[in-house]
Amino acid sequence: MCGIAGFLSKGGISIEDKDALGEMVTQLDHRGPDAEGTWFDDHMALGHTRLSIIELSPAGAQPMHSACGRYVISFNGEIFNSDEIRGKIKTPYPYQGNSDTETILAAISYWGVEEALTHFNGMFVAAVWDRANHELKLFRDHLGKKPLFYAFSHHHFLFASELKSLKKAPSFNAEVAHDALHMYMQFGYVPAPYSIFKNCYKLRPGHILSFSLKSFTVKNIKAWWDPHKIVVNEPSTLSFAENVEKTESLLEESIRLRLNADVPVGAFLSGGIDSSLVCAMAAKIHPQALKTFSIGFDESQYNETAQAEATAKAIGADHTTFMVQAKDALELIPRLPHICDEPFADSSILPTTLISQLARKQVTVAIGGDGGDEVFCGYERYLWGERILEMRKKYPDFVNKAICHGVDFLRPSSLNQLATMAYKFKGKKAPHLFADKAAKFAKALRRNKPRKLYRDLHSLWHHPSDIVANGQDGIHLFSDEDEWPDFLNPIRQFMFADLMMYLSDDILQKADRASMSTSLELRSPLLDHRIVEHSWTMNMDSLIGPEKNMKKRVLKSLLGRHLPDYDLESPKQGFAIPIAEWLRGELKDWAQDLIHSSASFDFFYHQELQETFKQHLNKSANHQHKLWAALMFIQWHQDLKKS
């Protein structure tokens, strides 16, 4: 994995520009600690940092020139089907090594940039300078596994893998965009194409940007891979059994491709269905005992190490477990703004970073189970969202309102106690964080349209204007009715929303920042674009069963084949951590200090923020997600002022 940075200068590259590019590249050392390079011509500056994975020799160094001399590339990522692409190119190409970067240049020379993209299977972003047409192309992979920012700054057009690099670019203005902050406080991330800074943007997944030196403008930004076109296809006629067989074949090939490296490879094993399936299948392919890694917590409701260790034993893995203490989080929290690059409120970035640190001591590449929930219908909120819409139709309004008022009236502790009693009567264990889920249920029950309902289920602050001063909503999937696929059934609508926003802007951003902070390449076999496309051809029976109550039915069936003793009934927490308890304990003083800092007064309605924290402390409400979003922004802004 690598980092890229560069810019076009309208007036020509100056000595100051060359110095600036050097600083931009230095900011990306963690993404590529093995080597770095820069290249300049009259107007173009390209920089690169390299994490050597395939072709460890200088033949893989970047920026790299095509054999014909027309194209120069700075590339971040992996093209997993590089050998296949080389076989498709019929014109002889004078390859100097096995680098996939060289494969990209050969493909572009043969097909052109846009057609070449349709042949790539991987995770990638790149900047390609066309010396003949004086045109820059920026492109990003299908699902947004790798990040790419671009910005306008006086007479420069800038781009980089991370914002910390752009801040060193010529004349970059690091001014917070209040509208982006507004969206961040609602979703916990800044959705593409926005960034936290004004006049600075993220290239959306599956998109290509063309910038002309002659006109010094963006000629166009368009999708080269568009999920909208996938979801309009009619479901296939494949049976459930046939869908299982096809998924297994695709996943086996995806894992095989992602195990290929010239450096040691391991795997994240959380103990859940997705990572257990990926590890079980990988262990059968990997020539040695697969190195697997997991983390746990002292708090039993967050600890899944027993399941992970049982899975590791069953597949013959060389397993390592790390138990996370509050002090580990405390030590890491001050580094989060630098790691995350822009405000980011998914607290599972903490354990993801810690497991990345653990794995990097033994391997350079890891595979994980990201994407199973979004691609194979694994979230409870998908099923509940549809049931809530059905409840609104089934019962009179006064009944639904009474349910909402009842949930709002009871304290979270009382709701949890009632749930414990009710589930105990049934001989079952109450769901973890039941009160939080009940509160979200009550808010969603007030909605009668899938788009608005799912926005509520997806939101931290339902009305960010209550907390953010001088900000308003932007244009994104939830605010643009024309973009929302209301022709789909509700569950598919919710899955599409996650595919378009949550997956790339939260899950994959977290995976990239956490892993790359430790110079670890993290690969996601379940997010091979062919698997994603196949999942959207499945009927609902294959996804969730005829009774609509069996999430990830296909993956569970596969897990039964590859890990028959796995307990499918065990609850899954993912990388959840006890933030609510920590904010009332070990992190209380840290949170209090941030709430009274200047950034709190500058960007938030301070009285509202204080009251939210007070309610959380006295347990009249659980505001962990709201508070974490605010605290992460304030911590990030403090670091911004120091940089």
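In this text the structure is predicted, and so the values were computed from the model without any measurement.
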**Request:** Measure from the ring center of Phe197 to the ring center of Phe172 and say whether it is less than 6.0 Å.
**Result:** yes
Taking distance alone, no hydrogens or angles, what donor-acceptor pairs closer than 3.5 Å link side-chain atoms of residues 630-642 to residues at least two apart or in another chain?
residue: Gln635; atom: OE1; partner: Trp590; partner atom: NE1; Å: 2.9
residue: Trp636; atom: NE1; partner: Asp341; partner atom: O; Å: 3.2
residue: Lys641; atom: NZ; partner: Ser598; partner atom: OG; Å: 3.1

**Message:** With a 6.0 Å cut-off on the ring centroids, do Tyr194 and His476 count as close?
**Reply:** no
**Closest non-hydrogen atom pair between Ser210 and Lys137, with its separation** = OG-NZ, 2.8 Å
**Distance under 6.0 Å and angle within 45° of ring axis: Lys18 vs Phe40** = yes
**Prompt:** For Asp370, what residues pass the side chain to side chain donor-acceptor pair (under 3.5 Å) criterion, not counting sequence neighbours?
**Reply:** none
**Complete:** Smallest heavy-atom separation, Arg50 atom then Cys2 atom, equals CA-SG, 3.8 Å
**Message:** Please give me the minimum heavy-atom distance between Met183 and Gly474, naming the atom from each residue.
**Reply:** SD-N, 3.6 Å
**Asked** Taking the six-membered ring for Trp, are the ring centroids of Phe268 and Phe293 within less than 6.0 Å of each other?
**Response** no
**Pair Trp224 and His142, ring centroids less than 6.0 Å apart** = yes
**Prompt:** Does the side chain of Glu521 pick up a donor-acceptor pair with the side chain of Thr364 at under 3.5 Å?
**Reply:** no
**Item:** Parallel, tilted or perpendicular: ring planes of Phe157 versus Phe159, cut at 30 and 60 degrees
**Value:** tilted
**Prompt:** Below 6.0 angstrom between ring centroids: does that apply to His458 and Tyr502?
**Reply:** yes
**Message:** Test of understanding: with ring pair (Phe, Tyr, Trp, His ring centres under 6.0 Å), list the residues that count as partners of His134, not counting sequence neighbours.
**Reply:** none
**Item:** Arg86 to Tyr93, cation-pi by 6.0 Å centre distance and 45° axis angle
**Value:** no
**Request:** Answer whether the closest heavy-atom distance between the side chains of Ile53 and Val365 falls below 4.5 Å.
**Result:** yes
**Message:** More than 12 heavy atoms of other residues, nucleotides or ligands under 6.0 Å from CD1 of Ile285: yes or no?
**Reply:** yes
